[in-house]
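See below for the structure under consideration.
In what follows, chains are A, B, ... by sequence order, proteins preceding strands, each numbered from 1. Treat the numbers as computed from the prediction; the structure is a model and nothing was measured.
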Protein chains: 2
Amino acid sequence: MPVSKKEISPCPLDAALSIVDGRWKGTILWRLSQQPMRTSELRRSIPGITERMLIRHLQDLVRDGIIERIEELATPTRVRYQLTAYGLTLAPHLEALCAWGRIHLERTKPVNQK
Amino acid sequence: MPVSKKEISPCPLDAALSIVDGRWKGTILWRLSQQPMRTSELRRSIPGITERMLIRHLQDLVRDGIIERIEELATPTRVRYQLTAYGLTLAPHLEALCAWGRIHLERTKPVNQK
DNA sequence: CAGAATCCCCAATGATACTG
DNA sequence: CAGTATCATTGGGGATTCTG
């Protein structure tokens, strides 16, 4: 039986990583950890993402309790996404990784000196 | 042209996440951050992983400079893998995530009370 | 024992059109 | 604007076999 991706390893690191597992989740969380954003703002700020994946990932993150969906009252539907209190407990670790990633990018950059 | 997975987003968080992106990389790094291990030890300690993916992921991590491959002198080939100095700079962040993951698992556990 | 080489499937992602 | 519904594609990764 095909085991769903993260079930056979009770490794807590995998549990955490599964939250950000998805082509665009890292980027999305990166933005939202800076400030709450509306759906269209997110889409525009993430070049290349499709509407489908944006919504899908946002729903995943909502389901996991990391972000929350706020409907603003307006005639054209307006929705804002922002980190939850729980999401805020994860954010610092992602920021740390982010800082490491910056160094990693510099370290890697010279390679693509084509 | 199909953009290779992590190129279009210069998001440093994604850069860091790409390192641990792979079905078993989290688990592998988790073990190796505890202690250096031989290939067969790793395989035995990670139930479910196939030889193919173990080797593949190990090679990825070596290429990324996170771990290093040490050939021990012995008649039956013996290889040991361990974190590099660079990998050691990443380890603390993974451990932090790991700690968060433990909490997350507890938080999630009640759901699977089948 | 460590690793390479094939074959192949399916879930994740993309593209696109549609709804309230 | 936010979200849904389909269909097509792809590459990650599982199963298996082979080599030194």
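- Note: CG (A:L54) to P (C:dT13) measures 13 Å, nearest angstrom.
- For A:R80 and D:dA2, the CZ to P distance is 12 Å, given to the nearest whole Å.
- Side-chain N/O atoms of A:S40 and A:R44 include a donor and acceptor closer than 3.5 Å.
- There is a path of hydrophobic side-chain contacts, each under 4.5 Å, that joins A:V20 to A:L54.
- When all heavy atoms of A:H93 and B:A96 are compared, the closest pair comes out as CD2-CB, 3.6 Å.
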Where along nucleotides 14-20 of chain C does protein come under 4.0 Å, by heavy atom, of base (B) or sugar-phosphate alone (S), with - for untouched nucleotides? BB----B
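- B:R31 places a side-chain N or O within 3.5 Å of a backbone atom of B:S45 that can act as its donor or acceptor partner.
- Rounded to whole Å, atom P of D:dG11 lies 17 Å from atom CG of A:D21.
- Between B:H57 and B:D60 the shortest side-chain heavy-atom distance falls below 4.5 Å.
- Rounded to whole Å, the distance from OH on B:Y81 to C1' on C:dC1 is 11 Å.
- Between B:R56 atom CZ and D:dG12 atom P there is a gap of 7 Å when expressed in whole angstrom units.
- Note: CD1 (B:I55) to C1' (D:dG20) measures 14 Å, nearest angstrom.
- Contact annotation: B:H57 does not reach the phosphate of D:dG12 (side-chain N/O to OP1 or OP2, under 4.0 Å).
- Remark: side-chain polar atoms of A:T84 are paired, donor with acceptor, to backbone N or O of A:G65 under 3.5 angstrom.
- Rounding to whole angstrom units, CG of residue A:L58 and P of D:dC1 are separated by 16 Å.
- Note: CD (A:E71) to C1' (D:dA2) measures 9 Å, nearest angstrom.
- Nearest-nucleotide positions on DNA chain D for A:P76 and A:Q59 put A:P76 closer to the 5' end.
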